[in-house]
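To keep things clear, I will list the structure first and then write my remarks on it.
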Amino acid sequence: MRAMWYLLRNRTPLLGAAIILLFASSSLSNAQSPADTARSNWILRAKDQCVDRIAPADLAFKREALPKGWEKNSIVVLSNYARYFSYVDQNKPRVGQYSLTRILLQDEYALNDFSSFELEDDEYLEVKVIKKDDSEILLDRSREVFSDIYYTNGKTGKVRYFKGDKKIPVPNLEIGDILEIERYSEHVKFDAKGKVSFTDPDNGLFIIRFGESYPVFKMVAEFELSAPYELHWKAMNDAPVLIETGRNELRQIYRVSDQERPYIKGEFWSSRKADFPFLKVAYSKKRNKGKSIKRGTDELDPEWIYPYLNDFRKKSDYNSSGVIMSFSRELGEHYDKTDIAYRFYVFYRRKYYIEMGGDDLSNKHFVSILSRILDKYKVRYEWMVAIPKELGELKDLVSPKEIQWGIRVLGEDDIYSELTPYGTMSELDPSIAGTKALFINNSRSRRDPRLSYVNLPELDYKKNELEIKSRVNLDGYILELNREHSYSGFMRYRYARMMPHTLLYSEDYEEMYGRYYKMGVVSSYVFEHQNNLRKKLEDVGDRYWHDDLKAAEARLARYFRDRYYKIDDYEFYGIDNPARNMFNPTLAFSDRINAYGLVGFSDSTQIISIGRLLGETLYQMDQEDTLRLTGIDQGIPRTLRYEVEFNIGRKKKVMGLENLDTTIDNKSGKFTVRHRWNGRKLVVESEQIIYGNKLDPEQWDDVLAIVHAISETNRKKITIVNDPNAVVEEADQSMPAGASSSDQLKEEDDEENENSGGATNE
Amino acid sequence: MPKIKFALLLVVMVTIASCTHKYREQKYFRRYHTLRPFVSSENIYSAKELRKKYPDESFADVNSEILVEFYLGEGEELSSDSLMRTQLKARVTYFHTILSLHDAVRFQYPIFYNEHMKVSPVRATYTPYDQGNWFNPNITDYSYEIDGYFYSDSRLKTFSASMPTLGTQLRFTYSIEYENVNYLANIFFPESFPVDKRKIIVRAPEWLDLSTLLKNTENTDVTPSAIRPEKSLIADFRRMFERGEGLDYNWYGNYSGRDFEKEGSYHYKIWNINGLAPRNSFVAEEGPSYYLPHILFRVNSYKNKEGNKVKVIEDVQGLYNWYRKLVLNIGNDPEVIREKAAELVKGKNGDEEKVKAIFYWVQDNVRYLAFEDGIAGFRPEPCQMVFTNRYGDCKGMANLLAEMLKSQGYDARLTWIGTRRIAYDYSEPSMAVDNHMICTLMLDGKRYFLDATEDLIGFGDYAHRIQGREVLIEDGDTYILDRVPDLNADRNAAVIKGSFHLENGAVVGEINEWYKGESHTRINRYLHGLKSEKKEYSVARYLNRAGMENQVTGIRMDSVFSRTGTTHFNYQFTGNDLSFANDTLVYLRLNMIQLPFYSLEWDENRPCGMSFSYKVHETHEYRVQIPKGWTVKDLPEPVVMENSSLQSELSYSIEGNELIMKARLILPEGGIPLKDKEVWEENRTKMENFYASYVVFVKK
């Protein structure tokens with residue numbers, strides 16, 4: 001370098017030329033930013049390094065004879081080779097992914113689906129079209145289009161540029177062509193100057209699912225790693241297993257391969273994720289002084305969980321110090337240790353969802369901050385470690401990314417795991433209900449915590465209820481339904497999101513200090529100050545509330561429109577209980593819809609599709625009446641109740657009630673319809689219960705029996721006809737012959753008649 | 001002493017901590033108190049009044065102006081080779097005054113542009129209290145994805161501003177410069193929010209020959225105004241600029257300190273518009289140029305800096321000349337495609353067979369991928385490129401088709417056309433007239449219009465979207481104006497016939513369906529694009545429109561995948577939800593397959609007619625055997641409606657021992673004009689009631 005400088009110094013013309021060259025090169029490089037150049041160079045180099053390590057045999061390919069019947073598929077994956085890297089290169093941890101896939105296009109749909117490719121900016125993509133005569137066509141890179149984004153800061157005038165996704169059309173595509181798609185991506189970041197930084201592959205979790213999208217003739221996936229990383233894996237549902245194929249001082253290679261895997265067709269209510277074969281693989285750094293801990297192959301060893309629990313307590317995590325300080329300030333001096341977790345739950349929900357305008361909050365983030373709060377106030381608690389059912393059991397854990405974390409204060413029942421705008425503190429994610437969870441008590445030394453395994457409660461259909469009571473007015477072809485809705489448990493979530501404003505200060509305030517007042521704290525300062533505060537909040541809240549009711553009405557109208565039946569008009573009356581208050585987490589609101597398509601006429605007879613008013617129509621699934629192959633996922637156990645009340649006018653009578661009542665009860669659920677008719681008023685009630693969410697394939701007949709009963713009910717109709725003798729017969733019709741109402745209902749009717757002074761005799 | 005000092009220090013610290021604590025609590029709610037100063041009582045009153053008028057809207061533009069100016073570009077000479085730029089430029093400056101009609105809403109505003117337009121920085125201020133405190137909102141600028149386009153140079157700049165309380169007023173302004181004056185084809189009056197007052201000022205220099213035409217203003221409160229711009233909102237803005245209130249950008253320098261009177265002679269056209277409803281989207285809506293009020297601009301000619309008259313688009317010849325420039329230098333190399341064209345026509349007898357072979361090959365083998373990028377939005381790609389890539393946009397496909405036909409000795413020409421979505425024709429020549437390109441074949445004294453982007457369409461058949469549309473056909477230095485034939489609705493006839501009997505409470509029988517013309521093409525395209533493994537299931541789902549409670553089995557299909565001819569389905573049907581019975585009566589209605597489109601409700605705020613994708617001509621006939629020992633008691637009233645845009649007929653009748661239901665709907669124009677709104681609604685109600693009605697069987 002010094003020699004070069006000496007040369008340049010003594011050769012002025014050379015120096016000038018060098019300067020010119022420097023300028024020229026810099027002006028040329030203006031076409032691409034340093035970050036772009038660095039990125040494209042990096043990706044190309046890394047991809048070449050990666051391909052060099054692959055055995056040529058894995059990339060060799062010839063047209064294979066496909067299994068019989070596969071020609072009926074739109075697309076067949078002929079071969080899929082994937083390689084995942086995780087290793088340290090020049091003290092930098094790197095994680096990359098390479099894949100080479102060949103697919104056969106067998107119909108027009110496939111041509112359209114693969115007529116263009118989209119790729120991210122830091123991804124290498126090469127697509128080759130292999131024609132039937134084995135000639136090859138490469139993508140024309142000049143046809144690449146970008147969707148660039150510029151963000152101009154109004155205050156500073158600075159323009160930030162983001163390169164959007166690329167899109168490339170595939171040329172000359174015909175049915176019978178093979179597409180060879182080569183992709184490489186590496187988790188690296190480049191700053192504006194092109195400086196590279198890496199993502200640590202620690203705990204990177206890969207899930208390979210078999211037979212999920214297309215039939216696959218041949219697949220190989222390899223995982224390459226070097227110290228200090230080790231690999232943990234678990235094959236689920238008879239998935240192919242991982243085999244170590246190479247090891248030396250520098251690196252290890254594991255391989256999984258599969259052949260002639262057909263596409264697994266989904267069935268109604270099947271849980272593809274849980275029931276189909278899949279392989280979980282995770283990288284992790286060796287811990288415990290280099291001692292290797294095998295996961296996913298034996299009983300869960302909690303040893304490897306402790307480091308993550310300690311991570312929760314680190315200040316660097318999640319930048320939560322501000323939240324903790326803010327909470328401490330709000331908590332003030334008057335608090336009870338047993339109340340801290342609850343108070344923080346309420347505080348953080350408000351802070352996060354209103355003031356910070358937060359979106360979804362990760363379970364790990366919430367538990368981390370809560371553990372720091374409890375540590376600060378020296379509250380004894382235990383951590384919960386659970387795994388969603390669809391990923392197996394605790395002993396199948398391979399990565400902390402699978403874990404659903406939670407915290408339980410010692411001596412209390414509530415488990416704090418999720419922070420959602422509508423949730424209550426003890427509501428756990430439904431995916432872990434009924435699973436065995438590990439509880440780790442932090443009250444002793446962190447090196448020797450006390451462990452216990454606890455079966456988390458199953459979801460209860462009694463706690464997840466939907467109830468809609470409708471009073472129906474007949475107006476020609478239109479049915480006017482005035483409805484009262486009530487949703488509890490997980491049933492309320494869908495509707496709660498449509499309600500006005502996420503959280504209202506005034507409600508939240510009540511929740512926050514409701515307990516506080518109950519505790520008998522009468523500090524004049526606290527009382528006066530907080531009362532003033534409350535008034536201000538209510539003022540703001542009311543104005544938000546008023547404006548948001550309109551928006552809520554629009555959301556609900558969109559949701560209900562043409563859902564079960566055609567809706568002519570929708571009116572949202574308002575909220576009776578917003579379900580945001582933990583003391584009464586049942587959402588209740590009322591509305592009116594005008595439905596049409598449910599009333600038919602024949603002369604003066606009205607024919608009403610009464611069954612359609614009793615909830616969502618479940619159709620008969622004839623194609624499912626055959627052998628069931630996969631397990632049944634009925635969703636959350638729940639109870640659905642509908643009550644429809646018709647006021648039938650004088651001189652009218654109702655026909656068709658005799659076949660309305662039905663009851664079916666089996667292991668999968670229960671469905672009941674009952675009616676009451678007192679000559680003026682017809683009340684029809686239905687109740688559907690789904691007992692459990694997961695059923696074996698053998699129980700499909702039970703499910704179908706319920707489905708068919710509901711479908712039958714949905715098709716049922718009643719007729720309302722003129723009855724000139726109505727006055728004479730009304731008393732006799734209070735419970736018409738053939739109406740199979742239960743004794744209990746008869747009693748209720750009698751009671752009602754008594755209470756109303758004998759309405760039927762009016 | 002140290003103890004006292006320590007005590008004093010402690011007291012001071014506690015006091016500070018206490019104050020800080022209180023301060024923080026106050027700060028906590030500060031933002032709610034700071035909302036008030038933005039809002040004046042007048043604005044709150046206005047906002048409440050406007051909210052009564054527009055209860056579903058969050059904002060309204062209470063006072064806005066649009067200034068359209070023309071000028072000659074600096075230091076730029078007009079060259080005959082310059083295709084996309086002209087020396088004559090246009091600038092449109094927008095001034096908006098937005099009022100919030102609700103609390104806590106965020107105003108978002110989009111500015112659409114492309115690479116032939118330049119958008120100035122946006123300047124905004126909260127008024128009246130924050131008047132003069134101008135700021136630049138943050139701008140996000142990104143590609144605007146247009147449905148059906150693989151790529152276009154359309155871009156979108158958006159900004160948003162917080163409107164914390166009811167009555168918050170935001171003023172903002174920006175300009176758009178048009179590098180080529182032809183791109184300024186029209187300005188639409190409405191916005192996505194209601195506009196209470198709007199003024200449009202067109203300032204044309206005397207050396208400019210400009211035509212302006214107001215369209216669709218019959219139901220809009222538009223009045224020409226004599227007010228000069230210096231007395232308008234623009235002048236108001238200008239005064240703010242002059243006071244140096246932050247508007248020191250070059251973009252606005254044109255107004256600062258200028259006196260319009262001294263700048264030579266101008267022709268002013270000024271319109272005041274009041275009470276513009278927001279622009280909403282509707283099902284099956286017509287193109288916006290059919291119903292939204294707007295101004296159509298056409299620059300006929302101007303004098304350049306040298307004082308010479310330059311023609312722009314004075315007439316159709318002017319428009320054609322410009323188009324012609326774009327297609328003269330495409331760079332076609334017909335040798336590349338000649339061999340393939342020859343291979344396709346080899347062994348074919350007669351011209352029609354040969355033309356079909358080439359036309360269908362392009363349809364089947366060249367995928368439609370729309371590129372609208374700069375000049376590429378107007379100039380076709382060379383034929384050899386589209387041929388090699390096997391993809392292209394309408395221009396590329398039309399050009400390839402024309403070149404392939406020409407290589408085999410046919411007279412094929414590039415042809416510009418505006419689809420039905422555009423209300424204009426060549427009587428008002430401008431770039432707004434066309435949005436599509438096809439190929440015209442001159443054969444035996446006839447003209448055939450070949451649109452290669454229409455998948456699976458037959459030779460001599462035309463898609464509804466181009467039927468009846470005026471076309472501009474290349475003819476050397478001159479042009480030919482013609483019109484694509486408008487085909488009758490019966491060409492698209494769809495016939496469904498079923499014969500049934502009652503069995504165990506269900507309606508059981510056989511159904512046959514036949515489809516011709518565009519109804520055939522639609523089904524053909526749908527089935528063609530399905531996944532192979534799901535095709536059978538999807539066809540069953542398509543045929544079982546009556547709902548899954550009914551069953552469709554034994555499906556047979558004929559001619560489904562042919563380009564011409566008739567699609568035919570035959571299948572067995574079991575309707576479980578069509579009838580029910582008690583001891584003495586059987587109720588039956590045959591509403592399992594209903595006529596298309598009739599149930600679309602005409603929104604009372606809908607400002608436009610309905611436009612469907614094809615001309616409907618559909619007939620249904622269902623026959624049900626009356627069970628022995630039963631007779632029909634009541635038949636629903638028949639429905640008969642007929643006018644120029646709609647014919648419908650529904651009836652039940654009895655022939656021998658059969659109950660017959662007949663239904664027919666014809667939409668001869670493929671749409672319903674706004675004037676027939678009442679007819680449509682009356683027909684809808686009648687048809688709904690008919691389909692809801694039951695026939696009653698009673699025992700004899």
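The sequence lines fix the lettering, A, B, ..., with proteins before strands; numbering per chain opens at 1. Only heavy atoms go into these numbers, but all of them, side chains included; no hydrogens, no water, no symmetry mates.
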Test your reading of the model: is there a side-chain donor-acceptor pair from B:R367 to the backbone of A:V170, 3.5 Å cut-off?
yes
Which heavy atom of [X] sits nearest to which heavy atom of [Y], and what is that distance?
{"X": "A:S602", "Y": "B:Y587", "value": "CB-CE2, 4.3 Å"}
{"X": "B:T140", "Y": "A:I149", "value": "CG2-CG2, 4.1 Å"}
{"X": "A:N73", "Y": "B:S532", "value": "C-CB, 4.1 Å"}
{"X": "B:Y391", "Y": "A:P171", "value": "CE2-CA, 3.8 Å"}
{"X": "A:S74", "Y": "B:E533", "value": "N-OE1, 2.5 Å"}

Once you round to the nearest 0.5 Å, how far does [atom1] of [X] lie from [atom2] of [Y]?
{"X": "A:K716", "Y": "B:D577", "atom1": "NZ", "atom2": "CG", "value": "12.5 Å"}
{"X": "B:N576", "Y": "A:E712", "atom1": "CG", "atom2": "CD", "value": "8.0 Å"}
{"X": "A:K158", "Y": "B:N138", "atom1": "NZ", "atom2": "CG", "value": "13.5 Å"}

How about [X]: does its [atom1] atom have over 12 heavy atoms from other parts shown lying under 6.0 Å from it?
{"X": "B:R541", "atom1": "CZ", "value": "no"}
{"X": "B:E637", "atom1": "CD", "value": "no"}
{"X": "A:E71", "atom1": "CD", "value": "yes"}

Any residue meeting side chain to side chain contact (heavy atoms under 4.5 Å, CB included) with A:S604, in chain and number order, not counting sequence neighbours
A:N722
Part of [X] lying under 4.5 Å from any heavy atom of chain A:
{"X": "B:I139", "value": "both"}
{"X": "B:E601", "value": "side chain"}
{"X": "B:P636", "value": "neither"}
{"X": "B:S58", "value": "neither"}

Under the side-chain hydrogen bond (donor to acceptor under 3.5 Å, both in side chains) rule, collect the residues that match up with A:Q606, sequence neighbours excluded.
none
Where on A:V159 is there a heavy atom nearer than 4.5 Å to chain B: the side chain, the backbone, both, or neither?
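Interface part for A:V159: neither.
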Test side chain to side chain contact (heavy atoms under 4.5 Å, CB included) on A:S115 and B:Y368; report intermediate values, then the result.
CA-CA 10 Å; A:S115 62; B:Y368 174 70; over 6 Å; no
Heavy atoms, side chains only, cut-off 4.5 Å: are B:Y694 and A:T605 in contact?
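A side-chain contact is absent here, since even the closest heavy-atom pair is not under 4.5 Å.
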Is the shortest side-chain heavy-atom distance between A:T719 and B:F580 below 4.5 Å?
yes
Most chain A-contacting option - heavy-atom pairs closer than 4.5 Å, from B:M385, B:R589, B:K633:
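Of the candidates given, the most pairs with chain A belong to B:M385.
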When heavy-atom pairs shorter than 4.5 Å are enumerated against chain A, which of B:N689, B:D364, B:N591, B:N365 gives the highest number?
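When all of B:N689, B:D364, B:N591, B:N365 are compared, B:N689 has the most.
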Passes side chain to side chain contact (heavy atoms under 4.5 Å, CB included), B:E688 versus A:Y477? Steps please.
CA-CA 9 Å; B:E688 269 176 3; A:Y477 286 93; over 6 Å; no
Sort out for me which of A:N153, A:D107, A:I607 touches chain B most, counting heavy-atom pairs under 4.5 Å.
A:I607
Just one of B:K534, B:H528, B:K531 clears the side chain to side chain contact (heavy atoms under 4.5 Å, CB included) bar with A:Y109, so which one?
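Exactly one option meets the side chain to side chain contact (heavy atoms under 4.5 Å, CB included) with A:Y109, and it is B:K531.
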